[in-house]
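When reading the values below, keep in mind they use all heavy atoms of this one structure, side chains included, and skip hydrogens, waters and symmetry mates.
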Amino acid sequence: MSGVASTSETAETEVMRLRDELMVTRQRAREELQRARQETFDGLCMAIEMHDSSTGEHVSRMGRIAAFVGDRLGLDADRVEMLRAAAPMHDVGKIGTPTAILGKPGPLTPGERKSVEVHARAGYEIFARFRSELARVAGTIALTHHEHFDGNGYPQGLAGEEIPLEGRITAVADVFDALLSDRSYRPAMSVEEAVTTMSGERGTHFDPRIIDVLLDHVEEALEVRGEGGYQMIDSTGIPVGKGL
């Protein structure tokens with residue numbers, strides 16, 4: 001009988017070992033698939049950076065800013081991390097926009113502007129080919145980050161909370177970083193100029209709640225963006241708040 005028990009125990013141990021190996025294999029496969037997906041999306045970002053030199057570090061900076069704003073809005077950690085990963089892919093659709101238009105030093109003609117605006121829907125269509133949650137969020141952001149809170153944006157003319165939250169957050173992060181960056185058609189704004197400009201579009205371009213979160217934490221947002229040593233100065237030249 002002891003021989004039978006020993007054989008049974010050996011078989012049970014072998015089954016458990018095989019089960020554990022299968023679980024490890026499945027986990028490794030999931031991780032590898034996730035890496036492959038992220039590498040694909042990183043490749044898309046790199047392609048648009050090579051096509052449009054104005055993006056460069058912009059995409060990673062605004063991804064960090066979007067995640068920062070999402071966190072301050074109280075989104076859960078998984079949603080914040082998804083936002084951090086997906087927001088940098090907002091302009092992937094510009095891969096189809098002529099470089100002469102993207103790098104034009106002066107104002108765009110109406111026809112050129114329409115050509116640029118196509119990138120929102122083009123980005124969505126690129127990500128619609130994928131099935132992951134990251135692709136779904138990236139596609140939503142690509143499609144909606146140029147919608148305006150008052151309904152005067154593009155491509156669908158959505159208004160208010162018709163615009164997905166990730167799109168509204170990305171709109172704020174995108175413009176904030178863009179205003180503080182040199183562009184072919186203008187030099188970077190100062191922080192004060194950027195804050196004034198964005199404040200003036202509260203409730204029109206931007207969701208008031210989201211722009212308020214950014215501007216209420218502008219020093220922290222600048223630190224997240226990578227701007228060290230900044231200190232706000234009021235109209236009398238007196239420092240406001242703590243320096244970073």
Side-chain angles (χ1 to χ4, degrees), residues 54-75 80 83-84 87-88 90-91 107-108 113 116-117 120 140-244:
S54 70
T55 60
E57 289 297 313
H58 168 65
V59 292
S60 58
R61 288 195 305 261
M62 59 81 61
R64 294 195 300 270
I65 296 166
F68 169 78
V69 173
D71 180 63
R72 290 300 181 273
L73 286 168
L75 302 187
V80 169
L83 186 59
R84 185 194 306 275
H90 65 297
D91 274 344
L108 300 180
R113 183 164 297 281
V116 171
E117 291 179 358
T140 296
I141 287 173
L143 184 64
T144 63
H145 72 285
H146 282 295
E147 299 288 357
H148 289 191
F149 198 72
D150 64 1
N152 288 319
Y154 67 87
Q156 300 177 92
L158 302 179
E161 295 189 3
E162 292 178 336
I163 308 167
L165 180 60
E166 282 79 3
R168 284 178 275 147
I169 292 173
T170 300
V172 169
D174 184 28
V175 173
F176 182 66
D177 186 72
L179 292 179
L180 296 174
S181 305
D182 289 325
R183 287 291 187 262
S184 59
Y185 49 88
R186 60 151 178 81
M189 289 186 181
S190 68
V191 175
E192 286 79 6
E193 289 171 329
V195 166
T196 298
T197 297
M198 295 188 74
S199 297
E201 297 188 32
R202 180 185 186 277
T204 53
H205 188 163
F206 306 117
D207 180 330
R209 182 168 65 109
I210 294 172
I211 188 64
D212 286 351
V213 165
L214 175 69
L215 298 184
D216 286 347
H217 299 87
V218 69
E219 291 185 354
E220 295 169 84
L222 288 166
E223 188 172 57
V224 167
R225 182 179 182 267
E227 294 277 355
Y230 173 75
Q231 191 170 34
M232 289 285 288
I233 305 295
D234 69 15
S235 59
T236 66
I238 297 175
V240 178
K242 64 181 181 67
L244 296 177

Given the rule in the side chain to side chain contact (heavy atoms under 4.5 Å, CB included) test, do Glu201 and Thr204 qualify, once you have shown the distances and angles that lead to the verdict?
CA-CA 5 Å; Glu201 297 188 32; Thr204 53; 3.7 Å; yes
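- A pairwise comparison of heavy atoms in Ala120 and Pro155 identifies CB-CD, 4.0 Å as the closest pair.
- Between Val175 and Phe206, some side-chain heavy-atom pair lies under the 4.5 Å cut-off.
- Within the model, atoms CG of Leu158 and CG of Asn152 stand 12.0 Å from one another, a figure rounded to the nearest 0.5 Å.
- The closest side-chain heavy-atom distance from Thr144 to Thr170 is not below 4.5 Å.
- For the atom pair CG of Leu165 and CZ of Arg209, the computed distance is 6.5 Å after rounding to the nearest 0.5 Å.
- Side chains of Arg186 and Leu179 form a contact here, defined as non-hydrogen atoms less than 4.5 Å apart.
- Asp91 and His145 share a donor-acceptor pair across their side chains, judged by distance under 3.5 Å alone.
- Atom CD of Glu162 is separated from atom CZ of Phe149 by 10.0 Å, given to the nearest 0.5 angstrom.
- The shortest distance between side-chain heavy atoms of Met198 and His205 does not fall below 4.5 Å.
- Here the shortest heavy-atom pairing between Leu180 and Ala194 reads CD2-CB, 3.8 Å.
- When all heavy atoms of Ala221 and Leu214 are compared, the pair lying nearest together is CB-CD1, 3.6 Å.
- For the pair His217/Val69, no side-chain contact is recorded, criterion being any heavy-atom separation below 4.5 Å from C-beta on.
- Side chain of Arg64 to main chain of Val224: a donor-acceptor pair is present (N/O by atom type, distance under 3.5 Å, no hydrogens or angles).
- At least one side-chain heavy atom of Leu75 sits less than 4.5 Å from a side-chain heavy atom of Ile169.
- Of the possible donor and acceptor atoms, one in the side chain of Glu147 sits under 3.5 Å from a partner among the backbone N and O of Gln156.
- Between His146 and Glu117 there is no side-chain heavy-atom pair separated by less than 4.5 Å.
- The distance from atom NE2 of His90 to atom OG1 of Thr140, rounded to the nearest 0.5 Å, is 15.0 Å.
- Between Phe68 and Val213 there is no side-chain heavy-atom pair separated by less than 4.5 Å.
- Between Ile65 and Ala173, the shortest heavy-atom distance links the atoms CG2-CB, 3.7 Å.
- No side-chain donor-acceptor contact under 3.5 Å links Arg202 to the backbone of Asp212.
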